[in-house]
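Inspection log for the structure reproduced underneath, given as structure tokens.
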Amino acid sequence: MRKLTITRPDDWHLHLRDGEALKAVLPHTVRQFARAIVMPNLKPPVRSVAEAAAYRDRILAAVPAGQQFEPLMTLYLTDNTSPDEIVSAKASNFVKAVKYYPAGATTNSDLGVTDIRKCDRVFEAMQQLDLPLLLHGEVTDRHVDMFDREKVFIDRHLMPLQQRFPRLRVVLEHITTSEAVQYVVSANNIAATITPQHLLFNRNSLFQDGLSPHFYCLPILKREEHRSALLQAATSGNPKFFLGTDSAPHSRNSKESSCGCAGCYSALHAIELYAEAFASVDALDRLEAFASSYGADFYQLPRSTEQITLIEKTWRVPDEVPFPESPLVPLRAGQEMTWQLA
Ligand code: NCD
Ligand code: ZN
């Protein structure tokens with residue numbers, strides 16, 4: 001039986017929700033990860049340092065007794081975020097970044113930014129104070145094809161943004177295309193997170209044996225050539241690419257619906273999913289740096305000193321796990337996996 005012991009990983013892009021949903025999903029993340037960058041797209045979103053502090057307290061209160069976990073908080077950028085809030089965020093020491101959602105791009109993004117240039121004063125403050133900007137990098141223009149939204153965002157918004165603020169540190173979140181990989185490799189002061197679903201699946205999975213809502217997330221799965229470019233980037237040893245699950249819990253009812261929510265649930269078995277992806281190209285020796293080193297280095301935080309062990313062993317992903325309104329269906333529900341967290 002092969003074993004793999006690595007430094008305990010961190011999740012650099014995670015949705016934890018709130019209330020009973022938070023209590024249902026947090027133990028899964030805590031079992032795997034030392035820390036996580038917690039997304040602010042609650043309803044209403046986490047827009048101030050005071051709201052982030054209160055949310056952080058609710059997360060800490062939901063950590064199972066005797067276990068360790070550090071939530072790293074983010075603020076949700078709006079047209080009205082003030083440069084003063086950025087000063088407070090930096091001083092807080094627990095707000096580690098600011099998240100940009102284009103208005104209407106994804107779940108709970110109604111209060112997102114309507115025009116990225118409206119935030120230039122905020123970006124100036126972030127550049128000055130060295131507080132990273134996390135981007136949901138998709139345009140919402142209805143004339144742009146769903147599958148081209150990330151590529152168009154890079155040309156239309158990201159390149160001009162980096163020209164205006166060359167020293168602002170940016171993370172292009174949950175990248176899905178070869179164009180994003182190429183851009184991140186070539187530009188300065190930019191890194192990217194990559195999810196397990198975008199490493200393991202292409203857009204065929206959305207339509208395999210009928211419409212499959214549990215593979216629907218945003219940005220949407222792309223062609224095989226993009227999946228393979230992402231897997232190449234993740235396993236390349238380039239520190240600009242690191243782990244961010246984008247685990248985004250939505251109940252079965254809200255996914256299996258005439259207007260289903262976007263999001264894949266992977267917190268249950270995230271590191272195992274990444275292990276499968278890395279093993280598929282014989283790159284398990286690169287997993288530790290991607291999962292446990294490069295993200296901490298980007299955020300200028302110490303690497304974790306704990307370890308986890310993965311065992312090569314066949315097991316079946318449960319069909320569902322408990323969640324408030326109706327159960328959660330994890331990514332690859334009911335299917336066999338070959339690596340398991342000990
Ligand atoms: C996320 C969610 O549900 O909060 N959904 C998703 O498909 N990734 C929002 C997001 O990150 O886009
Ligand atoms: Zn997300």
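First listed ligand is number 1; within each ligand, the first listed atom is number 1.
Leu111 and Leu75 sit in two unconnected hydrophobic clusters of ILVMFWY residues. Membership requires side-chain heavy atoms under 4.5 Å apart, directly or through other members.
Taking 2.8 Å as the criterion, His15 counts as a coordinating residue of the Zn ion (ligand 2), since one of its N, O or S atoms falls below it. In summary, no N, O or S atom of His136 is located under 2.8 Å from the Zn ion (ligand 2). The distance from the Zn ion (ligand 2) to the nearest N/O/S atom of Asp246 is under 2.8 Å.
Each of His198, Glu150, Arg203 was compared with Thr176 under the side chain to side chain donor-acceptor pair (under 3.5 Å) criterion, and only Glu150 meets it. Considering Val98, Leu77, Thr81 as possible partners of Met126, the one that fulfils the side-chain contact (heavy atoms from CB on, under 4.5 Å) test is Val98. For the side chain to side chain donor-acceptor pair (under 3.5 Å) with His214, the lone residue among His250, Arg332, Glu256 that qualifies is Glu256.
Ionic pairing of Asp141 and Arg149 is not present here: no N-O contact between side-chain nitrogen and carboxylate oxygen is shorter than 4.0 angstrom.
Given atom 8 (N) of ligand 1, the protein heavy atom at minimum distance is Asp246 OD2, 2.7 Å. From the protein, the heavy atom lying nearest to atom 7 (O) of ligand 1 is Leu218 N, 2.8 Å.
Here Asn41 has side-chain heavy atoms under 4.0 Å from ligand 1, and that is the only part of it that gets that close. At a heavy-atom cutoff of 4.0 Å, ligand 1 is contacted by no atom of Glu173, backbone or side chain. Using a 4.0 Å cut-off between heavy atoms, Met39 makes no contact with ligand 1 at all. Contact annotation for Lys99 and ligand 1: no heavy atom of the residue comes within less than 4.0 Å of the ligand.
Atoms of ligand 1 found under 4.0 Å from any heavy atom of His136, numbered from 1 in the order shown, are 12 (O). Close approach to Ala248 involves these atoms of ligand 1, each under 4.0 Å from a residue heavy atom: 1 (C), 2 (C), 3 (O), 5 (N). Which parts of ligand 1 touch Arg17 is read off a 4.0 Å heavy-atom cut-off, strictly below it: atoms 2 (C), 3 (O), 4 (O). Under a 4.0 Å criterion applied to the non-hydrogen atoms of His250, ligand 1 contributes the atoms 2 (C), 3 (O). Each of the atoms 3 (O), 5 (N), 6 (C), 7 (O) of ligand 1 lies under 4.0 Å from some heavy atom of Ala262.
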_side chain to side chain contact (heavy atoms under 4.5 Å, CB included) assessment of Phe323 paired with Arg252_ = CA-CA 9 Å; Phe323 197 61; Arg252 185 189 276 280; over 6 Å; no

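Shortest non-hydrogen contact noted between Thr78 and Cys119 is O-SG, 3.9 Å. A pairwise comparison of heavy atoms in Pro83 and Val122 identifies N-CG2, 4.2 Å as the closest pair.
Where the criterion is an N or O separation shorter than 3.5 Å, residue side chain and backbone included, Cys217 fails it with respect to ligand 1. At a 3.5 angstrom cut-off on N or O pairs, His15 counts as close to ligand 1.
Ring geometry, Phe242 versus Phe298: the interplanar angle falls from 30° to 60°, so the pair is classed tilted. The aromatic rings of His174 and His13 sit tilted relative to each other, their planes meeting at an angle between 30° and 60°.
Closest heavy-atom approach to atom 10 (C) of ligand 1 within the set Leu42, Thr106, Leu14: this belongs to Thr106.
For the residue pair Gln340 and His269, no side-chain donor N or O sits within less than 3.5 Å of a side-chain acceptor on the partner.
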